[in-house]
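Just below is one structure, and these are the notes that go with it.
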Amino acid sequence: MSKGPTHLSLNPCQVSPFSSKLWGLTRVTSFHHFPEEDEGAKASINLRLKIRLYSFPITKMRRSFSILGPRKWRNPHTTTVYFSVVTNPLACSPNASATFRYLSYLAPQRRQQSSPDPDDPSNLLKEDGVSLCSQMWLENFKEPDKTATNLASYLRRFELWVLAYQKVCCDELGAYVPRSSIQRSALENLLALRNSVLDDRFKWGSRLDFYIKSPRDKTDYESLSKRKIKAILTTTQPTPFQDRIVQEVLLMILEPVYESRFSQKSFAFRPGRTAHTVLRVIRRNFAGYLWYVRGDLSVVLDGMKVGFVVSSLMRDVRDKKVIDLIKSALVTPVVTTSKGEDGEEKKKTKKRKYQKKRVLAEDEPKPDPYWLETFFGFAPEEAGKSPQWGHCGILSPLLVNVCLDELDRWMEKKVKDFYRPSKTDVIWNNPEGEAEQGNTSWPEFVPTSGPDKTRKMDYVRYGGHILIGVRGPRADAATLRKELIEFVDEKYMLRLDNERLPIEHITKGIMFLDHVLCRRVVYPTLRYTATGGKIISEKGVGTLLSVTASLKQCIKQFRKLNFIKGDRDPDPQPCFRMFHATQAHTNAQMNKFLTTVAEWYRFADNRKKIVNFCSYIVRGSLAKLYAAKYKLRSRAKVYKGSGRDLRRPLKEKKGLSPEYNNLLRMGLAESIDGLVYTRMSLVPETDYSPFPGNWRPEHEKFLMEYLRLDEPKTLEEQKRFIRENGLVSPQDYTSMLVWNYKRNAIPMDQVSILKDQPFLLGSSSNREDDDGQRNKEEDEDSDDGLNIARI
């Protein structure tokens, strides 16, 4: 793009600068005439004409003055263009006019070929969105401490918007939408949404005006009645489709920036980290701790002040466009229906009569999976709540981690300062830092030590819940709790008391993520006994950290889902929600639920016991349901007709008939999947796979390894090591073989032809002696090449 004015030599015989037909909506503001130096009698006059265009759209200017060639418009409404008109009365010739017409025709053709249409979405898809996201992750992990200042450039990349559209459509439709199957109209609407965000015209929470709508939304908002429009504007509505796309784009831009900076002690709402990761970290690092401090900061998940959130973001991000977009999402009010209005509406509506629903056939579409909703109701308290801040949506969990990252950094500093090793302790006695335990293959075991123990502390956070383990006296834990209360009060303006930060001993059991942390003493095999066989004394050799699933919490969750009643002796209740589903569909739904529960208790020491209890509750609930559905009166008759795992069909007693068994044996009848884990031997064992101390997710390992190999320093180290040991790299060895082959080798068929017909080599009897010598050398090279080719 040329920065200065564009000059074009025109012929005054063909064009007049004052012609209104040529310039259209123009006005001459200044006219400068000055002579131009020239040899000979021909004197040329250079006329510089300054023309200012008023209120002229940029697209029309490009069409009207395309003859000017490449230029840069400084203002879309007022633009200054310069013309250099050379007046020469002797230059008025047909050749000059032909040249001018040729230039006027050629300029727009060149412009159309060189500059693509910016309004065409297909021209903006230059790169794959996934590769662009990978590039952002690599840049941020390469320089994690660098402040992000130019995120708006990623906000302009249309590839990210298409990728966000694909993700939101996948959540909306339940199927992945390839880029090639996205319609042209959807891409144009998506481009309009991107331009509105860049031009600050986008508004969060719009109910009627949309740039792009969901593929499922077929509502014609222009033809709605006033009553429906009022209901849309005053009642709670789901998040608009376009808001979710903008949230997804912001998440793809901001997540790599902060994931490279977040603490390794935070595990909630982060990719590659789950509640299972927290349990494995606790089993690996919290062995030997006596006092535990549990903190509940879930009030933060309900919302924080906008100024504090913005200031937390600006510690690492200094992009005004992105910050203003998130700030407007936090400030814009969310329209929700109050509880009083809901109550009034429920009073006005009449109670509908019960209508019997027919049983769904096997090939008919089924409702939403019951097992999935059931398992989400089974989630623990720490993982059951997710933040929702204004119109941020899926950005809210990231903003929570951004705000609480300062707490994680403060606790990491406290953990480092608290470490005081003791030489008399059997583990953690390294004064330089925290060393590995004595038995790394059994890290949850801690040998018994003397009275002077190493003082050590560790910390984890899952969402708004924190857990601190202290190895030392209780006074140290009390001092830490006091400092933590002061820090939270100063930074987050939250009033915490001792009840919300209790200090508990390991012998009482620490509840975290529906698992109980307790200590078991390991005794030696040798015991001193009296003559009567009574144990006189036994001495423990160490303690073992046990992570067991809480049976009390499991019963509480089942009671909340209306599966059981009673506390001391829980009795299964029939699952009437699956009353109108077939037996095969009901069994399949409950099998998925039991499989998911078994996976949830994967790292619990009592996994077999707790999963077998869940299977007993679900099996008893379904037995009562089938007894009521098929009028069998008792669970015993259901087990007799359908088996222990409820595999045989109960409808019309078909499962007991010998004809059905014969058809099932021959494969002519569809079988029903029985319930899983009906016996404790079928429940999988607890996963005790070793967990490394410096664990990181797989995607972060790949990123760090790629960056390490991409550094020139690593390549130089490898080359130096190869040279020092006298080795040859595989790449150099292959290159050497290929080069030698190309330089010396001749194909076998050509060598044979040359040997059979030597005159083709160009040798003759009348050549000079030096030519003969050269041919001799060439023959020797050919023989060498033949040998290499044979090898």
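For this chain, numbers begin at 1 and follow the sequence in order. These numbers come from a predicted model, not from an experiment.
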Apply side chain to side chain contact (heavy atoms under 4.5 Å, CB included) to Val738 and Lys742, showing your working.
CA-CA 6 Å; Val738 173; Lys742 287 184 176 181; 3.9 Å; yes

Can a salt bridge be assigned to the pair [X] and [Y] using a cut-off of 4.0 Å between side-chain N and carboxylate O?
X      : Y      : value
Asp732 : Lys719 : no
Lys321 : Asp200 : yes
Asp458 : Lys265 : yes
Arg461 : Asp405 : no
Glu711 : Lys142 : no
Arg315 : Glu406 : yes
Lys713 : Glu716 : no

Mutual orientation of the aromatic rings belonging to Tyr211 and Phe202 [parallel < 30°, tilted 30-60°, perpendicular > 60°]:
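Geometry flag for Phe202 against Tyr211: tilted rings.
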
In terms of the angle between their ring planes, are Phe286 and Tyr289 parallel, tilted or perpendicular, with boundaries placed at 30° and 60°?
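Perpendicular: the ring planes of Phe286 and Tyr289 meet at over 60°.
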
Nearest atoms (heavy-atom pairs only) where [X] meets [Y]:
X      : Y      : value
Asp408 : Ser263 : CB-CB, 3.6 Å
Pro215 : Tyr165 : CG-OH, 4.0 Å
Ala186 : Ile212 : O-CD1, 3.9 Å

Test Leu155 against Leu250 for side chain to side chain contact (heavy atoms under 4.5 Å, CB included), laying out the working first.
CA-CA 8 Å; Leu155 200 61; Leu250 290 175; 4.3 Å; yes

Is it the case that atom CD in Glu724 sees more than 12 heavy atoms from other parts of the structure closer than 6.0 Å?
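More than 12 heavy atoms, drawn from other residues, nucleotides or ligands, come within 6.0 Å of this atom.
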
Do [X] and [Y] touch side chain to side chain, with heavy atoms closer than 4.5 Å?
X      : Y      : value
Gln242 : Gln247 : no
Met457 : Lys414 : yes
Val317 : Leu254 : yes
Arg184 : Ser122 : yes
Val460 : Ile466 : no
Phe721 : Glu717 : no
Glu259 : Pro256 : no
Cys133 : Leu160 : yes

Would the distance check show the side chain of [X] and the main-chain N or O of [Y] forming a donor-acceptor pair, the cut-off being under 3.5 Å?
X      : Y      : answer
Arg607 : Glu685 : yes
Glu159 : Glu127 : yes
Ser181 : Val177 : no
Asp687 : Ser689 : yes
Thr596 : Lys592 : yes
His515 : Ala604 : no
Arg283 : Phe603 : yes
Thr714 : Leu709 : no
Asn195 : Leu191 : yes
Arg270 : Ser266 : yes

So, applying ring-ring contact (aromatic ring centres under 6.0 Å, His included) with His276, which one of Phe267, Tyr462, Trp600 is it?
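Filter result, single survivor: Trp600.
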
[X] side, atom [atom1]; [Y] side, atom [atom2] - distance, nearest 0.5 Å:
X      : Y      : atom1 : atom2 : result
Asp145 : Ser260 : CG    : OG    : 8.5 Å
Leu398 : Leu251 : CG    : CG    : 6.0 Å
Leu399 : Ile326 : CG    : CD1   : 6.0 Å
Lys320 : Leu325 : NZ    : CG    : 11.5 Å
Arg720 : Asn725 : CZ    : CG    : 11.0 Å
Asp171 : Phe241 : CG    : CZ    : 9.5 Å

Restricting to pairs with a member in residues 245-254, which pass salt bridge (charged side-chain N to carboxylate O under 4.0 Å, His left out), not counting sequence neighbours?
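Counting only pairs at least two positions apart or across chains, the salt bridge (charged side-chain N to carboxylate O under 4.0 Å, His left out) contacts touching residues 245-254 are Lys167-Glu248.
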
Tell me the ring pair (Phe, Tyr, Trp, His ring centres under 6.0 Å) pairs involving residues 119-162, sequence neighbours left out?
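For residues 119-162: Trp137-Phe141, Trp137-His699.
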
Report the C-alpha separation of Leu124 and Arg157 in whole Å, then their side-chain angles, then the decisive distance to 0.1 Å, and conclude whether the side chain to side chain contact (heavy atoms under 4.5 Å, CB included) test is met.
CA-CA 8 Å; Leu124 299 175; Arg157 297 298 295 269; over 6 Å; no

Do Gln264 and Arg273 meet the criterion of a side-chain donor-acceptor pair at a distance under 3.5 Å?
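Arg273 and Gln264 do have a side-chain donor-acceptor pair below 3.5 Å.
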
side-chain hydrogen bond (donor to acceptor under 3.5 Å, both in side chains) for Tyr459 and Glu412? Distances and angles first, verdict last.
CA-CA 8 Å; Tyr459 158 84; Glu412 283 182 348; over 6 Å; no

For Arg244, check side chain to side chain donor-acceptor pair (under 3.5 Å) against everything at least two apart and list the hits.
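If we apply the side chain to side chain donor-acceptor pair (under 3.5 Å) test to Arg244, skipping adjacent residues, the hits are Glu172.
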
